[in-house]
Amino acid sequence: MSFSCYSLKVLFIAGIIINGLFNVTTLTAQVPPTPGGDDPVRHEAVDPFHIIDNIYFIGKTSHNPSYLFTSDAGHIIMDSTYEEFVPDIQANVEKLGFDIRDVKIILSSHAHHDHVGGHALLREVTGAKVMASKPDAEIIETGGVADFREGDPWHEGEVDEFITDKQVVSLGDIALQAHFTSGHTKGCTTWTTTVEDDGRQYDLVLLCGLRMDQNSPLVGHPDYPEMPKDFAYSFAVAKTLPVDVFLGAHGYWFNLEDKIEKLKTNPEINPFINPEEYYRIVEGWERLYLERLKRERQ
Ligand SMILES: [Zn+2]
């Protein structure tokens, strides 16, 4: 082999390796990895803070957001997270200068332990009514037993009212529209509203999540045969929502830790106005879904 031919071959192989690495990097950039059990984002308490307009972060940790929407007619809490986090949520609401008993409605992104495990206790503490989509209400009312996924049960909670697809939940000047995006749970609900910042209007999306279960099949699940169809519908819905401000059921989806830092160092610019992250993760999840669908149907 002549030197030039050998060099070309090396270059070609190096090209394949670099290209491969690049593709892997692109993939992981689209769907950030789930923080492991030891990751401090799951345990370290964060101070409550103002996100935008009438919306505040009141979750105990950045990994398990809980949101407060305020109005003169009372407040709404989205996601109670774990039962043991409820006292922290209550303390955070009060730290921000609001009264926990002014919370009138409790909503959720989806009925998994880490989002609705504290519903029963929070309902008791606030006297608020719990509203959920019918399929997720069944999971809340059975403490997780009605879910198609296997998992440890939690304290069952009461649901006072069902939400229908596209319903607008209103309280004072809060108006949150429900968009059913089933798949992760059968009643997974993505919420939208408009917010104002510095005199401008923005579309906000609070994403319920479109991650597949890693421990059970996507195709032909005995307790959820319509799962592939539901995911397809949910991706179509999620991709058409107008988004300026992206919030979600877990902080790592939208670089929450990073944004908390930015808020401290540069409070003039609201870091939550950032639509690219939303489309990147939705498209990343969709790609994983399509790959898995193809694999399981083969
Ligand atoms: Zn979940």
Side-chain angles (χ1 to χ4, degrees), residues 30-37 39 41-43 57 59-67 77-86 89 106-120 122 130-157 159 163 178-191 205-218 221 223-224 226-228 230-231 233-235 237-238 246-254 256 277-278 281-282 284-286 288-289 292:
Q30 286 183 330
V31 180
T34 311
D39 198 309
V41 298
R42 286 181 180 264
H43 311 286
F57 185 92
K60 181 186 179 181
T61 68
S62 66
H63 186 66
N64 295 104
S66 188
Y67 300 99
I77 287 182
M78 179 77 66
D79 282 1
S80 60
T81 68
Y82 294 107
E83 188 178 67
E84 56 269 34
F85 287 6
V86 169
I89 289 173
I106 300 166
L107 301 173
S108 49
S109 57
H110 66 278
H112 277 158
H113 191 177
D114 50 343
H115 306 282
V116 300
H119 265 40
L122 193 61
V130 170
M131 297 173 74
S133 66
K134 198 163 184 284
D136 272 16
E138 279 174 29
I139 304 174
I140 295 168
E141 288 180 327
T142 58
V145 176
D147 192 14
F148 70 93
R149 290 194 195 203
E150 305 276 327
D152 292 331
W154 61 88
H155 272 151
E156 46 203 54
V159 175
I163 288 161
H179 304 264
F180 287 3
T181 43
S182 316
H184 186 74
T185 62
K186 290 184 186 178
C188 211
T189 308
T190 290
W191 297 90
V205 173
L206 202 158
L207 188 63
C208 93
L210 297 163
R211 272 183 75 231
M212 294 166 292
D213 183 18
Q214 301 308 311
N215 305 313
S216 60
L218 167 68
H221 194 295
D223 297 324
Y224 194 7
E226 61 280 13
M227 187 168 18
D230 280 1
F231 265 118
Y233 171 81
S234 299
F235 282 116
V237 170
F246 170 31
L247 301 177
H250 287 296
Y252 73 95
W253 296 352
F254 56 105
L256 182 54
E277 285 170 346
Y278 173 83
I281 198 163
V282 168
W285 276 329
E286 186 182 35
L288 294 175
Y289 158 78
R292 183 140 162 219

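The structure presented is a predicted model; accordingly, all values stated were derived computationally and were not measured. Order of appearance sets the numbers: ligands from 1, and atoms from 1 within every ligand. Along the sequence shown, residues carry numbers from 1.
- For Ser234 (side chain) and Ser182 (main-chain N/O), a donor-acceptor pair under 3.5 Å exists by modelled atom type.
- Annotation: salt bridge (charged side-chain N to carboxylate O under 4.0 Å, His left out) contacts involving residues 146-156, sequence neighbours excluded, comprise Arg149-Asp213.
- For Asp79 (side chain) and Thr81 (main-chain N/O), no donor-acceptor pair under 3.5 Å exists by modelled atom type.
- The shortest side-chain heavy-atom distance between Ile77 and Tyr67 does not fall under the 4.5 Å cut-off.
- With sequence neighbours left out, the side chain to side chain contact (heavy atoms under 4.5 Å, CB included) criterion links Arg42 to Thr34, Pro35, His63.
- Sorted by chain and number, the protein atoms of type N, O or S within less than 2.8 Å of the Zn ion (ligand 1) are His110 NE2, His112 ND1, His184 NE2.
- For Glu141, the side-chain hydrogen bond (donor to acceptor under 3.5 Å, both in side chains) criterion is met by no residue, not counting sequence neighbours.
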